[in-house]
Amino acid sequence: MSDQDNPSTDFIRQIIQDDLKSGKHNEIVTRFPPEPNGYLHIGHAKSICLNFGIAQEFGGRCHLRFDDTNPAKEDTEYVDSIIEDVRWLGFDWGDNLFYASDYFEQLYDWAVTLIETGKAYVDDQNAEEISKGRGNLQTPGTNSPYRDRPAEESLKLFKEMREGKYGDGEKVLRAKIDMAHPNMNFRDPVLYRIAHAHHHRTADKWCIYPMYDYAHGQSDALEHITHSLCTLEFEHHRPLYEWFVENIDVPATPRQIEFARLNLTYTVMSKRKLLQLVSENHVSGWNDPRMPTLSGMRRRGYPAEGIRNFCHHIGITKYQSTHDVGVLENEVKQVLNRDALRFMAVLDPIKVIVTNYPEDQVEEMDAVKNPENPDLGTRKVPFCRELYIERDDFMEDAPKKFFRLKPGGEVRFRCAYWLKCEEVIKDDTGEIQELHCTYDPDTRGGENPPDGRKVKGTIHWVSARHAVDAEVRVYDRLFKKENPDAAEGSFLDHLNPNSIEVKTAKLEPALADVEIGETVQFERLGYFCVDIDSTEDTKVFNRTVPLRDSWAKIAGKS
RNA sequence: AACCCCGUGGUGUAACGGUAGCACAACAGAUUUUGGUUCUGUUUGUCAAGGUUCGAAUCCUUGCGGGGUUGCCA
């Protein structure tokens, strides 16, 4: 199943189709414009899939542009991670890699023109005065005392601002629009501020930096972007975006269209909060497998295809919805079910002795690598007298619907034999030590015996003599609340204290060959990805997502 | 009570004036050497009231509800 089966027909794509049909545009150009001040998350994936997806579907192109107009918050570390993440997601911008800082000179020249034509002025007020002068939602603002200073004076001051004559905050350049406008963005927005800060690309060349509103539309125009797609919070900025495009002699007229940003249950998405999780060590880093970042999901074992399919299926609207994280997990599971190789691993082992199995014998059992793709063939799994099974797969006082191992009961050991539990060995405290079982030689490979006996359950196992130890990190949701943002108190109050559980597991030996970054299925348990923390001696696995567990549901009910 | 945007099952999303469909979730069953997968079926919806129309989720009006906007962040 692929994305292409059902082409999207959201309102943005409809606008684009109309623009193509009417001849307004012959080629579609979009852009993904992150600010390099943090790591990309699943919300960005929605925007990436939208912008790059549209370029692919309509035979256009999509630029990657770093919106690097605020040196105080930005860093090359973020530039590098963003490039890596977009590539990993599966998109390519060819030669179209740009930076807003590439346009600083041109933006400066246009600002000069705005001053010359009386559409901008240098304001000497400080931030507080400007804020006060702007009025509020009910009351109009008042003009700055510097609003009507002669253009030549503003020109001189603006030049001096650039030359570094003033300190941070001493002066700003403002557009001269309307201090009583109902849209606050029109109350003489700031175009340039002074910031004596080191920029990760332009170094110390500049000490004045353009604001988002002033830089973004012009950058779009310079790149001949046809459709500038952004999230809903920029709706009020669109008229200003258009004002600049109209009042400046730009080479193209891009159109801004807004869509709803992605919200997911059981997580937070704001960069500020994600940064806080990292800096206060609630997680191990931006790429912690519990983070909604692309690097976290990659490390968790989410395939890029699953994320792309998710973004495709949630669609694009203006309705501020919250998607169930289960939908994402479902897309991930679909891809993994198709692709992941199957292995057996025991996370919470209990020993089984096969009392009637020869002490020194070892058999290599054949096990299918992936039932969804039988062409992949089989692997060998060693079977001997001592095994491990999952503690959950045995119950002394089992309910009727418990199809696994119980005293006197018989189950199939996957791809091996049918075993019957003869004796339960306990220690002084009553804790189960080991199980003594007998096997039926007529069931080799797990086949049905000739006498027509039936068995309800099949459980996984690992040979105790051949097992490889590994660390397994079992992850759960990072937050306990569906919406940690809306819940009472700080979002940090709702962190799930059990979002990670570390176990030492017993693996079948073939698992030793799985490489870092690969995701496999531990049969009956879930999907697990080899983590970068793995060493020569010990592999580390992250649980990507558990398999559906309908027994847990039945057990939970009774 | 300024201005702007948005209201379709539990959660999302389609239907472009003409049979309210799909996915996830839930429930029931079938298949199964993973209580996985797959397959079949069931339950649940157009925020409200008016209006236009042969016909309204769709167009209009009003109300109600949700969100956004008062950075020298993006």
Taking the [atom1] atom in each of [N] and [M], what is the distance between them to the nearest angstrom?
N     : M     : atom1 : answer
B:C64 : B:A48 : P     : 15 Å
B:A56 : B:A49 : P     : 14 Å
B:A2  : B:U43 : P     : 46 Å
B:U32 : B:U37 : C1'   : 9 Å
B:A14 : B:A57 : C1'   : 11 Å
B:U69 : B:A74 : P     : 16 Å

Judged by whether its glycosidic angle lies within 90° of 0, B:G71 is syn
Quick one: the side chain of [X] and the base of [N], do they pair up donor-acceptor inside 3.5 Å?
X      : N     : result
A:E235 : B:U69 : no
A:R548 : B:U37 : no
A:Q320 : B:G7  : no

Using the side chain to side chain donor-acceptor pair (under 3.5 Å) rule, take A:Y212 and A:N70 through it: C-alpha gap first, then chi angles, then the decisive distance, then the call.
CA-CA 9 Å; A:Y212 165 86; A:N70 185 5; over 6 Å; no
RNA chain B base-pair string [pairs: Watson-Crick or G-U under 3.5 Å; |: paired with another strand]
.((((((..((((....[..)))).(((((.......)))))....(((((..]....))))))))))).....
If stacking means aromatic ring centre less than 5.5 angstrom from the base's six-membered ring centre, planes under 30°, is A:Y319 stacked on B:G7?
no
